[in-house]
There are 2 protein chains.
Amino acid sequence: MTDSSRPTRTHKAPEQRRREVLEAAAVVFAEVGYRCAEMDRIAERAGAGKGTVYRCFASKETLFMATVEKALEDLTCYVNEAVDPLEDPLEQLRLGIHRYLEFFECNPETVELFIQERAEFPKNGKPLYFVYQETSGGKWRARFEKLIEQGRMRPDMSPALAQEVFSDLLYGAVFSQLLAGDRESRAERADEISELLFRGILKPES
Amino acid sequence: MTDSSRPTRTHKAPEQRRREVLEAAAVVFAEVGYRCAEMDRIAERAGAGKGTVYRCFASKETLFMATVEKALEDLTCYVNEAVDPLEDPLEQLRLGIHRYLEFFECNPETVELFIQERAEFPKNGKPLYFVYQETSGGKWRARFEKLIEQGRMRPDMSPALAQEVFSDLLYGAVFSQLLAGDRESRAERADEISELLFRGILKPES
DNA sequence: ATGATTAGACGGACTGGTCAGTCCATCTTC
DNA sequence: GAAGATGGACTGACCAGTCCGTCTAATCAT
């Protein structure tokens, strides 16, 4: 028996173990997808045994959902911490778009997790992404309404529809960018995208 | 042995068999996802034995990709047959949006197939949806360029970006509608969505 | 028209490999 | 020395793909 054959065991604080496993899981799930992600591999990457992983998370599914939830918290936080302090709703929209696109460009593996969630658990009801979206939906809706009150937005335009179009576009953009693979950065063109949504593609009526 | 225990065997034309298997596969794949779709179940639904299924398609993956390709052909056809005859590029855009949304509303299982494709075969390179999109991309780009030539579209707006925004939005809308589950029909509001993209949400500059 | 013959279509029992989750001997830490 | 954390060998379920005995139907001989 050489030293190398004796793995070093260490007792760690439960929260730290949990964090390490979660981190390893996020990487492996994003890399090879839910099905092909072997618990052995996650354990190995986390520097732990399989038994340890199962003491932190009851099942593969539980572990996976925890990684998705973590990613959503990070996203929400990244957008809100920049947007909430602003006053002007139009600027909030513009920056919100920018931040959202930027987040996914910095964390492309997050998109992978969202795809995996829906693909593997269609029976779980609404994917967590949409649960979170619903939570913050009201706040965004209010911003559109404020624009109308201020007389800056066309009153014939429904705030609800506008909000949906904005969020659909962002969702689609993020997926397209990752999946189509060969497109240029959307985040860098966030302002042009905002401009399109604010003013449209056509010349103002003559 | 009663009659019911003796399954009726019939020799069918290879193309018909293929079609029947493909149809059964589309249903089962969309219903339970790629992984959980058992070849036995697809065979049963197609009214055939597993051996027969494997004579039509070399592997589960081959069969699955064939169902995705079929769905994409149907989509492309549904949009183009309505749009191509039109002359006015703006009307082409408007109707294209409508048709696209309508197709997915009538065939929601198609979305499921696209999700599954990407989730299960991230290593296959670009998902077929984006391969198809690239094929028809040029045609749409040309329509935006024509709008500029005609002096109807803002010349500072890049046709390439406009095209991407349109397709990202549609992609996102279709996914959101299916996955969020509780939203009203997007297809019915296609004209409002077009209006938003054409004119923007803001009042024309005073 | 009718029966004999046979290529090859057909179905489904079976096999082999793959992992999620369990379990316990071992090691750490107090 | 005891409590309980740890890791990894092991088990049982699952299912894609194979393989072969059975059955269909087309062809041909009469």
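Letters go in sequence order (proteins before strands), and every chain restarts at 1.
Position along DNA chain D of the nearest nucleotide to B:M39 versus B:T10 favours B:M39 as the more 5'-ward residue. Annotation: of the two residues near DNA chain D, B:Y34 and A:D40, the 5′-most nearest-nucleotide partner is A:D40.
Considering CD of B:E188 and CG of B:L101, their distance stands at 11.0 Å, rounded to 0.5 Å.
Residues B:Y34 and B:E61 bring no donor and acceptor atom of their side chains to less than 3.5 Å of each other. If you check the side chains of A:Q16 and A:E20, you find a donor sitting under 3.5 Å from an acceptor. A side-chain donor from one of B:E105 and B:S185 sits under 3.5 Å from a side-chain acceptor of the other.
The side chain of B:H11 lies closest to C:dA9, out of C:dA20, C:dA9, D:dA16. For A:R9, the side-chain atoms get nearest to C:dT26 when compared with the rest of D:dT24, C:dT26, C:dA20.
Between B:R18 atom CZ and C:dA9 atom C1' there is a gap of 17 Å when expressed in whole angstrom units. Going from atom CD of A:E15 over to atom P of D:dA5 covers 13 Å, rounded to whole Å. Counting to the nearest Å, the P atom of C:dT18 and the CD atom of A:E38 are 9 Å from each other. Rounded to a whole Å, the CZ atom of B:R35 is 9 Å from the P atom of D:dA16. What separates NZ of B:K12 from P of C:dC10 is a distance of 9 Å, to the nearest Å. Distance, A:E44 CD to D:dG8 P: 9 Å, rounded to whole Å. Between the CG atom of B:L63 and the P atom of D:dG17 there is a distance of 10 Å, given to the nearest Å. In this entry the distance linking CD of B:Q16 with C1' of C:dA9 reads 14 Å, nearest Å.
Here A:A37 lies in heavy-atom contact (under 4.0 Å) with sugar-phosphate atoms only. Contacts of B:R41 with the nucleic acid, taken as non-hydrogen atoms under 4.0 Å apart, are absent.
The pair A:K60-A:E120 fails the salt-bridge criterion, with no side-chain N (NZ, NE, NH1 or NH2) lying under 4.0 Å from an Asp/Glu carboxylate O.
Heavy-atom distances under 4.0 Å link DNA chain C to B:G47, B:A48, B:G49, B:K50, B:G51, B:T52, B:R55 of residues 45-62 of chain B, given in residue order.
The aromatic rings of B:F64 and B:F121 sit tilted relative to each other, their planes meeting at an angle between 30° and 60°.
Under a 3.5 Å cut-off, the side chain of B:R154 and the backbone N or O of A:G200 do form a donor-acceptor pair.
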